[in-house]
S.K.: 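Handing you this structure, nothing more for now.
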Amino acid sequence: MDHAASEKRILQIEARWAWFTGAMVTLILVAILYAGIAMQINPPSNREFIDPKTLHLSGEFTEENLGTAVDASGQVTVRMITTQFAFVPQCVVVPANRPVTLRFASPDVIHGILVTGTNVNTMVVPGYVSQVHTEFTKTGDLLMPCDEFCGFGHSQMVGQVRVVPASEFRPGPDGKATCG
Ligand code: CUA
């Protein structure tokens, strides 16, 4: 092969790789857009601020607002505080096969939560409200361990999500439901 011919061959191979790389990048971009727009799979984060020093004193995350609450429109919202080294409340009850919004806040350090066997998995960063929308399909007691190292008691930090059939989910007159 003379010099010009081998040069041409190299350019051909390079062009082929360029096309291949471009196609892969396009494919990945399309997959990301499809997951985000059509399947609504997004990072669980939203930008919502809360003062970690005062969140227990007033507003949404005071003690009486924690746990599961059903509002007038039937929307189920769970509010929990993640703290060294416990979830407050330790157990929450939710109905199966209904949209549930989980909201978390931390007064101290970064924690992480995941609910085993579900797609619920988020970090809880002081200063922000972490929010996850989900629907639990299987009934039973699901473990919710902290999955972000948060100190010496990290391995003891486990919460519980009790998923009950919709017919057994009976919030009180104030819309609140508890595990007890
Ligand atoms: Cu909280 Cu690890």
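Atoms within each ligand, like the ligands themselves, are counted from 1 in listed order. Because the structure is a prediction, the values reported are computed rather than measured.
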S.K.: Heavy-atom count around Glu63 CD within 6.0 Å, excluding the residue itself: above 12?
M.R.: no
S.K.: If the test is side chain to side chain contact (heavy atoms under 4.5 Å, CB included), which one of Thr116, Val120, Val100, Val92 qualifies with Val161?
M.R.: Val92
S.K.: Would one find more than 12 heavy atoms of other residues, nucleotides or ligands at under 6.0 Å from atom NZ of Lys176?
M.R.: yes
S.K.: Output the distance between atom CE (Met123) and atom NE2 (His111), rounded to the nearest 0.5 Å.
M.R.: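 Taking CE in Met123 and NE2 in His111, the distance rounds to 11.0 Å.
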S.K.: Give a yes or no on whether Cys146 keeps an N, O or S atom under 2.8 Å from atom 2 (Cu) of ligand 1.
M.R.: yes
S.K.: Have Gln160 and Asp141 got a donor and an acceptor in their side chains that come within less than 3.5 Å?
M.R.: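 Note: Gln160 and Asp141 side chains meet the donor-acceptor criterion.
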S.K.: Quick one: report the N, O or S atom of Glu148 that is nearest to atom 2 (Cu) of ligand 1.
M.R.: O
S.K.: Test of geometry: compute the angle SG(Cys150)-atom 1 (Cu) of ligand 1-SD(Met157) and round it to 10°.
M.R.: 120°
S.K.: From atom 1 (Cu) of ligand 1 out to just under 2.8 Å, does an N/O/S atom of His154 turn up?
M.R.: no
S.K.: What's the atom name of the N, O or S in His111 nearest to atom 1 (Cu) of ligand 1?
M.R.: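 Within His111, restricted to N, O or S, atom 1 (Cu) of ligand 1 is closest to atom ND1.
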S.K.: Got a sec: is Asp147 within less than 2.8 Å of atom 2 (Cu) of ligand 1 via an N/O/S atom?
M.R.: no
S.K.: At a threshold of 2.8 Å, where the distance has to be below it, does atom 1 (Cu) of ligand 1 have an N, O or S atom of Thr82 nearby?
M.R.: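 Of the N, O and S atoms in Thr82, none lies under 2.8 Å from atom 1 (Cu) of ligand 1, which means no.
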S.K.: Using only heavy-atom distances, determine whether the side chains of Asp71 and Thr77 contain a donor-acceptor pair under 3.5 Å.
M.R.: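 There is no such pair between these side chains.
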